[in-house]
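Basis for what follows: all heavy atoms, side chains included, without hydrogens, waters or symmetry-related copies. Predicted model, so just to flag it, every value in this text is computed and none were measured. Just so we're on the same page: letters track the sequence lines, and every chain starts at 1.
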There are 2 protein chains.
Amino acid sequence: MTLKLDKVNRGPHLSTLVASSISREIAQGRLKTGDQLPTEQALATTFGVSRNVVREAIARLRSEGRIWSQQGRGAFVAETNNPTVLTIDHETLQRADSFRNLFELRGILEVQAAALAAKRRGDADLKAMGDALSGMRAAPYGSVAWLRSDLEFHRTVAEATRNSYMGQFLVFVSERVRESILAAGNQQKSDDMARITLGEHERIFAAIRNGDVEGAQAAMRDHLAGAALRVGLHEGEAAEAESPAREVASPVRHSRLRKAIRGQAGG
Amino acid sequence: MTLKLDKVNRGPHLSTLVASSISREIAQGRLKTGDQLPTEQALATTFGVSRNVVREAIARLRSEGRIWSQQGRGAFVAETNNPTVLTIDHETLQRADSFRNLFELRGILEVQAAALAAKRRGDADLKAMGDALSGMRAAPYGSVAWLRSDLEFHRTVAEATRNSYMGQFLVFVSERVRESILAAGNQQKSDDMARITLGEHERIFAAIRNGDVEGAQAAMRDHLAGAALRVGLHEGEAAEAESPAREVASPVRHSRLRKAIRGQAGG
DNA sequence: AAATCAGGGTTGTATGATAACACGACAACG
DNA sequence: CGTTGTCGTGTTATCATACAACCCTGATTT
């Protein structure tokens, strides 16, 4: 046994469902900035959960700056136009469509980063990329060392853009993507994949070394398409409209409540 | 009259205090990655609060990715070596090259967003964009209303990508760019500029409406190039800015508990 | 020895109660 | 008439307790 009976990573707590439901209401404009939310009691009954759960959800939204609340008055939708920090909630990332979206964003950044790197790379950048590739060749596919070298390669590409924000964002997004993949943990490994993946990286490297902007873009696009396949995202027109269609392990308990929440959120 | 005394800055909730206390323990290394936290009951008694408060704090830390918990086992410190939030420092943005880099990143995102929007826009998106354009036509160039409509237009484009992360990132980057421009505040206004800028937006809109992917990209690229010129970006410089670090008012009630928490946490 | 199961410990959720606070209604008072 | 004090209601913040679901361990049984 012990086959990868999905370890149900972070089974979404009820508070998470409630939080994303409210969050969705805000995002879709049904709750505008300054609006007062229903009372905790009302939310609890409409969602069919305890007030405690609602409070955890609200605490979370408050910590994200989406709403603010005052004792004796109520909770109100905050001004969302001043996000001073950017955070990606990785419980939401467990949803397939969210993951796809983030992967798409990563792709855009990676491809353009490859283009800039092909224009601006210096000798030091090329050496760093070469070292990272060597590291990938030396390590077994999927091992920790392999993953580290993989990340390192992409990091050096980002660095070669000479745009620190590009690197910052790219690392941030890539890390979230990687975490999500590791959490799913359903990727099979083979020597073929090692060879293919390595080849993709080498083509990216070659194009960047030659200053071939469009070649670098194409090679990176290929690589990402391959990576998408390897993690089980079918390629092509990736992200469809965001709809709450999560597939993960079915919730055991409270399934009716969860369904109700999902239904109302989906709209 | 109207003496504006600060609106009572309410003391943070107990759950916030508990959360930041635990957070500090992690940051200072007293709780290493993988360590198991004390049980909720234990935390409740040591902090002198109810288990409910502890749960809200833990829910918050969990949503921030600092810890993860599993029913029946406990809560554990997550791998937090990679940043879970992304922030852009105000001061570094004042440097011209930093600003240029951020502007470049914004350009990449905007151009690709325009492409995706041309593919995926729906009728509601087109209407929203049209409304934003109307708002720009009605408002004087550079006015608050004009800026709001401008932002609104770009936001609707991002929304039409059907990729929430795209919108999130784009809004975040654009806001930083806009703040920086406003801080510089050395842009001249003219009717010519109003006409030109509006025309750029209209071409973007037309291309997206027609589903012209490359046209949308080109139009957005034009617009950004124009915007770069208008803010004096090629030899540009930035201005000074301040960053008021505001203090929180002293908590009124539960002061003993709060002090206890602060004391133990502060070290 | 291996499988099964019982028990305790922990988190997740529900429920009710109390305290702190905001706000309007209303009477008392000048 | 305007002001003030008081009260009542509604809401959030917190507490306390109980139960359900789940994990882990170890004894019991096969």
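Here the C1' atom of nucleotide C:dA14 and the CZ atom of A:Arg55 are 15 Å apart, to the nearest Å. What separates CD of B:Gln71 from P of C:dT13 is a distance of 7 Å, to the nearest Å. What separates CD1 of B:Ile67 from P of C:dT10 is a distance of 16 Å, to the nearest Å. If you take CG of B:Leu14 and P of C:dA20, they are 12 Å apart, rounded to a whole angstrom. As a whole-Å value, the separation of A:Leu37 CG from D:dT11 P is 13 Å. Atom-to-atom, CH2 of B:Trp68 to C1' of D:dC22 comes out at 14 Å; the value is rounded to the nearest Å. What separates CD of B:Glu40 from P of D:dA16 is a distance of 15 Å, to the nearest Å. If you measure from atom CZ of B:Phe47 to atom P of D:dT14, you get 14 Å, rounded to the nearest angstrom.
In this model, the phosphate group of C:dG12 is approached by a side-chain N or O of B:Ser69 to a distance below 4.0 Å at OP1 or OP2.
Direction of the helix axis in the helix from C:dA1-D:dT30 to C:dG30-D:dC1 shifts by 10° between the two five-pair termini, rounded to 10°.
Although no hydrogens or angles enter the test, the distance criterion places a donor-acceptor pair under 3.5 Å between the side chain of A:Gln36 and the main chain of A:Arg73. The backbone N or O of A:Val77 lies less than 3.5 Å from no partner atom in the side chain of A:Asp35, so there is not a single donor-acceptor pair.
Here the side chain of A:Val53 is nearest to one of C:dT13, D:dC22, D:dT14, namely C:dT13.
Residues passing the side chain to side chain donor-acceptor pair (under 3.5 Å) test with B:Arg106, sequence neighbours excluded: B:Glu110. For B:Arg148, the salt bridge (charged side-chain N to carboxylate O under 4.0 Å, His left out) test picks out no residue, with sequence neighbours left out. With sequence neighbours excluded, the residues that form a side chain to side chain contact (heavy atoms under 4.5 Å, CB included) with B:Ala42 are B:Pro38, B:Thr39. In this structure A:Arg155 satisfies the salt bridge (charged side-chain N to carboxylate O under 4.0 Å, His left out) test together with A:Glu152, A:Glu159, sequence neighbours excluded. Shown here are the salt bridge (charged side-chain N to carboxylate O under 4.0 Å, His left out) partners of B:Asp131, two or more places apart in sequence or in another chain: B:Lys127. Scanning for side chain to side chain contact (heavy atoms under 4.5 Å, CB included) contacts around A:Leu198 gives A:Leu133, A:Met136, A:Arg137, A:Glu202, with sequence neighbours left out. Scanning for side chain to side chain contact (heavy atoms under 4.5 Å, CB included) contacts around B:Ala139 gives B:Ser143, B:Ala145, B:Trp146, with sequence neighbours left out. Judged as a side chain to side chain contact (heavy atoms under 4.5 Å, CB included), and not counting sequence neighbours, the contacts of B:Ala160 are B:Ala117, B:Arg121, B:Asp125, B:Met129.
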Please write out the pairs of protein N or O atoms and N or O atoms of nucleotides 24-26 of chain D separated by less than 3.5 Å, giving the distance to one decimal.
from, atom 1, to, atom 2, distance (Å)
D:dC24, OP1, B:Arg73, NE, 3.2

Under 3.5 Å, N/O pairs linking protein and nucleotides 15-18 of chain C:
from, atom 1, to, atom 2, distance (Å)
C:dT15, O4, A:Asn52, ND2, 3.2
C:dA17, N6, A:Arg51, NH1, 3.4

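Residue pairs satisfying the salt bridge (Lys or Arg N to Asp or Glu O under 4.0 Å) criterion with at least one member in residues 37-53 of chain B, sequence neighbours excluded, are listed as follows: B:Glu40-B:Arg51, B:Glu40-B:Arg55.
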